[in-house]
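Heads up, the thing below is written out as structure tokens.
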Amino acid sequence: MLPKTTLWPMSPHTEGKHLVLRRYLDAWLPILGSRFGRILFIDGFAGPGAYVGGEEGSPLVALRALAEHTARGMITAETVFVFIEKDLKRAHHLRGLISDLPFKLPRNCTIEVISGAFDETLTEVLDHVEAQKSGLAPSFVMVDPFGVSDTPMSVIRRLLANRRSEVYITFMYDAISRFSNTPEFAPHLDGLFGCDSWREGIDIEDSRESKRFYYDLYEAQLKAAGAENVVRFELYEGKRLVYAVFFGTQHWMGADRMKQAIWRVCSFGDFAFRGTRSPQGSLLLSAPDYGALQDALRREFCGKGWVSVASLEEFVGSDRTDFHCGHLKKNGLKPMEESGALEADNETRKKRYTYPEGTLVRFL
Ligand SMILES: C[S@@+](CC[C@H](N)C(=O)[O-])C[C@H]1O[C@@H](n2cnc3c(N)ncnc32)[C@H](O)[C@@H]1O
């Protein structure tokens with residue numbers, strides 16, 4: 001049931017979406033904010049900015065990330081926040097919160113709340129940017145609808161046509177699998193996926209296979225739309241999958257930082273947030289399996305001679321593995337060298353079992 005009131009209670013899974021968002025912005029803000037003159041955070045389905053229990057909504061999470069950033073001095077770019085919200089009362093509530101924030105923002109930050117629909121507003125912005133031939137400033141675009149009908153792939157494609165835009169999209173798998181056979185739903189799914197191949201999923205009975213089919217199709221469509229790397233994680237309430245969040249970026253480093261953010265919130269490496277009401281679900285999971293990282297490295301680089309640590313980082317950080325650069329040396333290279341599965345060129349490093357920039361290694 002969609003909430004009809006201006007504010008609604010926050011579900012446990014929403015916390016996971018916000019925690020990952022915050023962790024990612026903690027990385028994104030200084031990386032992009034130190035290199036560009038202007039950066040843009042767009043929240044396409046902003047909501048009222050708060051929940052009935054007083055918890056902060058995504059616009060406040062994003063603003064707070066800037067206000068409280070420990071490296072705020074590095075973020076020299078003008079930081080522009082655009083919050084789009086269709087419901088007038090929710091937009092009004094958000095404006096009220098922004099006019100009296102409990103934290104202080106830097107001067108070179110601007111905030112705009114637009115009462116409008118995501119696809120129309122973004123289309124206007126992108127038309128304007130194209131007319132100016134200026135290109136969109138590096139952007140992080142959060143797309144967090146209640147359903148599947150308002151996030152057409154055509155808009156996502158236009159966003160991703162800009163080299164430094166990234167999308168963080170709520171993907172309502174549950175609604176898709178339940179309603180894919182309902183004729184009124186078909187045009188919405190055509191729009192969501194940007195193709196009609198989703199129909200091939202209707203007859204898949206096995207729920208795991210069905211989920212995999214829709215996930216793979218959405219990922220493939222995001223890639224066709226311009227995302228070179230796609231990373232996703234799932235949000236559960238108890239055992240029920242509520243939805244997944246798909247992140248698309250053109251740069252392997254974006255995928256790496258997003259995976260770091262997800263690993264910090266979902267520390268078992270299962271890319272699933274299970275909500276605070278069900279800790280026992282997480283306790284049943286075992287420790288992360290770094291053997292999978294070592295296998296991936298072996299598969300990719302064995303027999304290819306000497307390779308630089310930089311190439312290994314790019315591989316591990318990209319969406320081709322579930323691991324991030326922070327795992328590479330400690331959980332990949334060092335145990336592999338200790339077991340004799342890897343050799344390092346000692347001319348390129350000073351100390352055993354260390355892998356500073358420039359180190360060459362080969363997999364045996
Ligand atoms: C899931 S809630 C957003 C929650 C918010 N992102 C957060 O994490 O705190 C979706 C919001 O989108 C708004 N909405 C619905 N359709 C919309 C549309 N087409 N364009 C923009 N906002 C829309 C709803 O009024 C609702 O406030």
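In each ligand, atom 1 is the first atom listed, and ligand 1 is the first ligand listed. Quick caveat, the model's predicted, so the values are computed rather than measured. Only heavy atoms go into these numbers, but all of them, side chains included; no hydrogens, no water, no symmetry mates.
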One finds that the ligand 1 atoms under 4.0 Å from a non-hydrogen atom of R90 are 24 (C), 25 (O), 26 (C), 27 (O)
* **G44 touching ligand 1 at heavy-atom level, < 4.0 angstrom** => yes
Practice task
May I ask you to check whether Y214 and W198 place their ring centres under 6.0 Å from each other?
Solution key: no
Atoms of ligand 1 under 4.0 Å from any heavy atom of D87, numbered from 1 in the order shown, are 25 (O)
Hey, is G116 one of the residues with a heavy atom under 4.0 angstrom from ligand 1? yes
If we number the atoms of ligand 1 from 1 as shown, the ones under 4.0 Å from a heavy atom of A117 are 19 (N), 20 (N)
Compute the centroid of each ring, for Y243 and then for H13, and state whether the two points are separated by less than 6.0 Å.
-> yes
At under 4.0 Å between heavy atoms, what of D150 touches ligand 1? The answer is side chain
Looking only at non-hydrogen atoms, the one of E85, K17, K89 nearest atom 13 (C) of ligand 1 is E85
query: For ligand 1, is there an N or O atom under 3.5 Å from any N or O atom of M142?
result: no
Within 4.0 Å of some non-hydrogen atom of G57, the atoms of ligand 1 are 9 (O)
Among non-hydrogen protein atoms, atom 20 (N) of ligand 1 lies closest to F118 N, 2.9 Å
heavy-atom search around atom 15 (C) of ligand 1 in the protein gives F45 CD2, 4.2 Å
Main-chain N/O of D150 paired to H188 side chain as donor or acceptor, under 3.5 Å: no
With S115 as partner, the option from K89, H92, R95 fulfilling side chain to side chain donor-acceptor pair (under 3.5 Å) is R95
Under 4.0 Å between heavy atoms, the region of K86 that gets near ligand 1 turns out to be both
Result for side chain to side chain contact (heavy atoms under 4.5 Å, CB included) between F171 and one of V148, L192, L222, V245 points to L192
Of all protein heavy atoms, the one nearest atom 10 (C) of ligand 1 is D144 O, 3.4 Å
query = So F247 and Y168, would you call those rings parallel, tilted or perpendicular, with 30° and 60° as cut-offs?
reply = perpendicular
Next on the checklist: So, 4.0 Å and heavy atoms of Y243: is ligand 1 close enough to count as a contact?
Outcome noted: no
Q: Could you say whether the N/O atoms of W8 and ligand 1 ever approach to under 3.5 Å?
A: no
Notebook entry, point to check: Does any N or O in the side chain of W263 come within less than 3.5 Å of the main-chain N or O of D322, such that one atom is a donor and the other an acceptor?
Noted result: yes
Taking N331's backbone N and O only, do any of them form a donor-acceptor pair with Q294's side chain (distance below 3.5 Å, no angle check)? yes
query = Hey, does the side chain of K334 reach the backbone of K329 with a donor-acceptor pair shorter than 3.5 angstrom?
reply = no
Paired with P48, the side chain to side chain contact (heavy atoms under 4.5 Å, CB included) test is passed by just one of L7, L97, D87, namely L7
Q | Ring-face cation of R298 near F363 (centre distance under 6.0 Å, axis angle within 45°) | A | no
Requested in this report: Return yes or no for this condition: an N or O of Y51 is under 3.5 Å from an N or O of ligand 1.
Outcome: yes
Can you find a non-hydrogen atom of H18 under 4.0 Å from ligand 1?
-> yes
Ligand 1 to A46, heavy atom cutoff 4.0 Å, flagged ligand atoms 5 (C), 6 (N)
Just distances here: any N/O of P59 and N/O of ligand 1 closer than 3.5 Å?
-> no
So, T76 side chain and G33 main chain: donor-acceptor pair closer than 3.5 Å or not? yes
A student checking ligand 1 against G47 at a 4.0 Å heavy-atom cut-off should list atoms 27 (O)
